[in-house]
Structures are given as structure tokens and as C-alpha cells.
Amino acid sequence: MAKKEMFEDGDASNVDAGTVSRSDFPPDFVFGVATSAYQVEGASSEGGRGPSIWDTFCRNKGKIVDGSHGDIAVDQYHRYKEDVDLIAKLGFQAYRFSISWSRIFPDGLGTNSNTEGITYYNNLINYLLEKGIQPYATLYHWDLPQYLHESMGGWLNKQIVKYFAIYAETCFSSFGDRVKSWITINEPLQTAVNGYGYGIFAPGRSENSSIEPYLAAHHQLLAHATAVSIYRKNYKEKQGGQIGLVLDCEWAEANSEKNEDKVAAASRLEFQLGWYLNPIYYGDYPEVMRKELGDRLPKFSDEEIELLRNCVDFVGLNHYTSRFIAYAEESPEEGDFYKAQRMARIVEWEGGGFIGEKAASEWLFVVPWGIRKVLNYIAQRYHNPPIYVTENGMDDEENEMCPIHEMLDDKLRVIYFKRYLAEVSQAIKGGADVRGYFAWSLLDNFEWAQGYTKRFGLIYVDYKNGLSRHPKSSAYWFLRFLKGSEGEHSKKE
Ligand code: PNW
């Protein structure tokens, strides 16, 4: 294929809600479902687990809309077999879960590992493999051991790199004989911006928002790179696995043909993806970030640049939604991080009309073509790396008045998956090297600051009736899709 033709956006007019099928994807393409430890496990003070910054954060009044927490969550710690059985029944081949750092090292310091914690993940991994499901393990999905925060400032302190490395190596040596796909860190952007800038995620800091997000991001990058170098040096060859980083990115579509809007949209992508991928692929933060942020952006030493160079086997992409982006001299959006970007995020097109149907979360609009554009963007800009879509999905509002059979008939979610998957298959046909896709989420769970008020699951969890699990229409849609019986029929017509 001629280079110029690669990654073209292609003709989306044939992307109709009814036509996506398993055979639109390569045979070895991986389909899975995803969760994270704090959102599903519960058992927060069992099995020797130490407290994490989310346990503490949830205790601060007003931080979680329904005043809830993950103490019990959906109790996967005790019900992992039932959940794995469901994954297998639906026909998924992979499960992306995260390991709770403070189950392995209760205070995070890396002196004595907690045998019970290791046993729990051994049991989970062994049961997945018994059911023919590949484990994709994330080392850090936001639940920093509380002690590392209290004693040294968590991600603000460079020492954290050393403790993360010890933790990562313990996981590689304990589980790497069976886990062949590792993710170091989930969405460092959200931790940096929401954890250390706006304070709406743990550890809830906003006092020094013009400095701390950039430090927290810097140390997450170095922690990631250090873990990768340990894996590559001591484990990769022997264990035959791969390791990557998961980034979240909304597609940024220029709000008009005006050059200033196009520049604003391009810079928005640099502030989301380039922040993490440029140091890895080009040896430094994006120029536009250096220009806007000056000395607030930390610098890499020569050794660090070397350490970061190409330190991913794959890029994990969490993608949910897209925005129109317009240039704004003063960002109307609050806070330093947005001010630096000189742009406005808009959901209503200049000429009227929303960018997509709104899901339950304030930030989530259904924009299927956005995922194709992000995938093509990563392929073009970062030398066509292997990509896994590590999260994609949408939420419904919890509604106690709504009868369960209505909650289970999640029609919009079925359309969401069909249309986003059709766009992923178009990106692959255009040349992007996408290897897998994980739906968020296996089941309804603790949605961070939104508590239990938002439901992202393929499987409904009945919070009032013993946390029982009930597959939604979207789960049955995936079952048919993965068996190959979905889409083929309408295609032949
Ligand atoms: C992801 N945003 O976070 C997380 O990885 C999941 O744990 C989470 O449950 C899921 O998305 C749904 O929210 C995000 O505001 C949270 O753009 C917020 C945003 C993006 C990603």
C-alpha cells in the first residue's frame, strides 16, 4: 500500500449500525472486557490489603456524589469465579483487570509482600486460564497505597519511581509465567489533571494546580519506563510477553475550517496524547506544551530520555467520546490545565446540532467516527505501533424507579458498540495496527466520583438484591457477535 493512502479516514457512509461482524476483524484480533481493582473488588480490609488513596478520598464529604466508596464495590474479590464464568459464557477471550498495589505491598514500601494478596491474583489468573481467557493485567489503575501518599507525597516525589519498580517486578516474577500482556499505568492524564489539578479524583489535590499535574505526569512516565526496562531485561524473553501504557484520548475535531481552530484542535491532542507519547517516541514533551508551560514542565536528563525511548510494546487507548474544539484566547474552561490549551471544548456544532447523543456522564457523547480518527492519528504520528483499545463504552444513569427489565434492555449501548466497532474495523482496513478491543465494562461498578450513580456494565448489578448479576442486551449482542452470528445476515442482504 502506498504510504499516502495509509490511514486514510475512508468512506464511513457504509458504516451502518447493522453491519459489523466478527469477520470484519482479523482472526487473531482479541476481544475482551475490562474492569479495575478498586471499582470491582471490594474486600477493602480483607486479605491483608492496606488502604489506598481512594479509600481515604471517598471518606471526604462531598467528593463522591452519592457518598459511597469501594469497600464492597461489586464484591469481585469473593465472586471472581462467577464473574469469570460470565466472561467465558459471553465468548470473550480476554479479561483486563488491575492489581491492587496495596494488596501486594500494604504500605507500598516494597519490603514484605503480602502472601494473601498474591494468592488472590494467582487464583484469579489460574481460573481465567482454566476457562480459556487471557489475562491482561494493569499494575496501576489509580489506587496508590495511602502510605506512599502520606509519607512522601505520592506521585509528586521522584522516590515513587523506585517503589513502583519494586512492585512491578514482584508482579512480573509472581504472575508473569501466566500473564503475557502487561499494562503499567492506566490513564496518567486523569491522575495528573483530576488527582493533582482539580482535586476531583484521589488524592484530591488542587492547591498547586499550575505545577503538580506536570510533576505527577513526569513521575508516572518515569515509573512506567523503569518498569518496562526491568521487564525487558529480566522477564520478557523468558516469559514471552508484551508490556504497554494505557492513555485516554478524546478525539478533537476543529470546530470550523478556520486555521486557529485547527491549530487549537491539534494542540488539544498534544496535551492529551503527545504529553505521554512524545517523550517515548520523540524524546521530549510536545513543543506546544513547552511553549505554553515554560519551566513548569519538568525536564528529562539524558539518561531518562534514553530510558523512555520506545518504551512500549503497544499503545493502549481508552476512548469514549469526542469534542469540537475552537480557539479561545482565554480558555473558558476553569483551571490551569485548560488555560494553557487556549481552546474551548464544544459539543454543539457552530451551525447547531450536537456532536452526538449524550450518555449519562456529563462528558460522554456518542461519536463513533471519533475512535477511527484517534486510531489513525496514533498510527500516523507514532510510527504505526501495535494498538489495543483497552476501554470503550458508555453509561446509563442509575434510576431506582426504573423496572429492571428496562434497565437490562440497553438499546443505545448496543448501537454504541456496533458503530464504534465498525469504525475500529475501518481503521484496521486503512492500515492502523489495532490488535484488540476491550469493552468497558464487564459489569456495573464504582464509577469513581460518580459513585454508583452511573452504570457502564454489559452486566447489570442489582445493588439492592445481593449484588446479583444480570446480563443486559448488550452482553447478549456481544455473545452473538463473537460467535459470528451477528452482522453476517444483514450483510448478505
Ligand atoms: C476511564 N473523562 O476514566 C477509567 O479508566 C475507568 O476506570 C472509568 O470507569 C471509565 O473511564 C469511565 O469513566 C475516564 O472525563 C474518566 O474524559 C473520565 C474521563 C475519561 C476517562
Side-chain angles (χ1 to χ4, degrees), residues 32-41 52-54 57-58 64-65 68 70 73-74 76 96-100 136 138-144 183-195 197-202 213 220 244-252 268-269 271-273 275-276 316-323 325 333-335 337-338 341 345 347 355-356 358-367 370-371 374 388-398 413 416 420 438-458 461:
V33 276
T35 63
S36 87
Y38 191 71
Q39 294 180 276
V40 301
E41 278 181 8
S52 84
I53 55 173
W54 271 94
F57 186 70
C58 292
I64 312 297
V65 294
S68 66
V74 295
Q76 186 164 89
R96 175 180 172 233
F97 60 94
S98 82
I99 297 173
S100 152
Y136 280 61
T138 305
L139 294 173
Y140 185 73
H141 201 125
W142 305 357
D143 44 0
L144 188 76
I183 289 147
T184 53
I185 296 180
N186 179 72
E187 301 187 356
L189 173 78
Q190 296 295 323
T191 295
V193 174
N194 285 332
Y198 294 102
I200 58 169
F201 285 175
Q220 287 182 89
L245 174 65
V246 164
L247 303 173
D248 57 306
C249 186
E250 297 174 346
W251 175 249
R268 169 70 180 157
L269 291 166
F271 272 82
Q272 286 213 296
L273 273 184
W275 192 356
Y276 303 93
L317 171 70
N318 288 355
H319 175 85
Y320 291 88
T321 194
S322 296
R323 296 298 172 123
I325 301 294
E333 298 187 55
E334 285 295 306
F337 179 66
Y338 283 103
Q341 298 182 56
R345 288 146 97 208
V347 295
I355 191 164
K358 198 178 152 299
S361 281
E362 279 311 307
W363 51 271
L364 213 172
F365 295 81
V366 182
V367 189
I371 197 167
V374 182
Y388 287 83
V389 175
T390 36
E391 287 179 26
N392 179 235
M394 60 154 276
D395 57 345
D396 298 314
E397 196 72 44
E398 160 65 336
R413 185 174 288 101
Y416 182 102
Y420 274 72
F438 291 77
W440 183 272
S441 177
L442 168 65
L443 71 187
D444 296 333
N445 58 50
F446 177 73
E447 177 53 20
W448 307 113
Q450 300 300 316
Y452 298 97
T453 66
K454 304 284 187 280
R455 294 176 173 272
F456 273 93
L458 301 181
V461 175

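We count ligands from 1, going down the list as the structure has it; atoms in each ligand are counted the same way. Note that the coordinates shown come from a computational prediction; the quantities given were computed from them, not determined experimentally.
The main-chain N or O of Asn318 is never found under 3.5 Å from a side-chain atom of Asp248 such that the two would form a donor-acceptor pair. Checked by atom type and distance alone, the side chain of Thr321 pairs as donor or acceptor with a backbone atom of Phe365 at under 3.5 Å. No donor-acceptor pair under 3.5 Å is formed between the side chain of Asp143 and the backbone N or O of Ser100. Within the 3.5 Å criterion, the main-chain N or O of Tyr320 finds a donor-acceptor partner in the side chain of Tyr420.
With a 4.0 Å cut-off on non-hydrogen atoms, Asn186 touches ligand 1 through its side chain and not its backbone.
At the shortest separation from atom 9 (O) of ligand 1 among protein heavy atoms lies Glu447 OE1, 2.6 Å. When hydrogens are left out, the protein atom nearest atom 10 (C) of ligand 1 is Tyr320 OH, 3.2 Å; that is the closest non-hydrogen contact. For atom 2 (N) of ligand 1, the closest non-hydrogen atom of the protein is Trp363 CD2, 3.7 Å. For atom 3 (O) of ligand 1, the closest non-hydrogen atom on the protein side is Glu187 OE1, 3.0 Å. Protein heavy atom in closest approach to atom 20 (C) of ligand 1: Gln190 NE2, 3.5 Å. The protein heavy-atom contact nearest to atom 4 (C) of ligand 1 is Glu391 OE1, 3.4 Å.
Nearest heavy-atom pair, Tyr452 versus Glu398, reported as atom, atom and distance to 0.1 Å: O-CB, 3.6 Å.
Within the structure, the closest approach of His141 to ligand 1 falls below 4.0 Å when heavy atoms are considered.
Classification of the Trp54-Phe446 ring pair by plane angle, with boundaries at 30° and 60°, yields perpendicular.
The distance from ligand 1 to the heavy atoms of Asn318 drops below 4.0 Å at these ligand atoms: 5 (O).
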Would Trp142 and Tyr38 satisfy ring-ring contact (aromatic ring centres under 6.0 Å, His included), going step by step from the backbone distance to the final call?
CA-CA 8 Å; Trp142 305 357; Tyr38 191 71; over 10 Å; no
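Considering backbone and side-chain N/O of Trp142, none are found under 3.5 Å from N/O of ligand 1.
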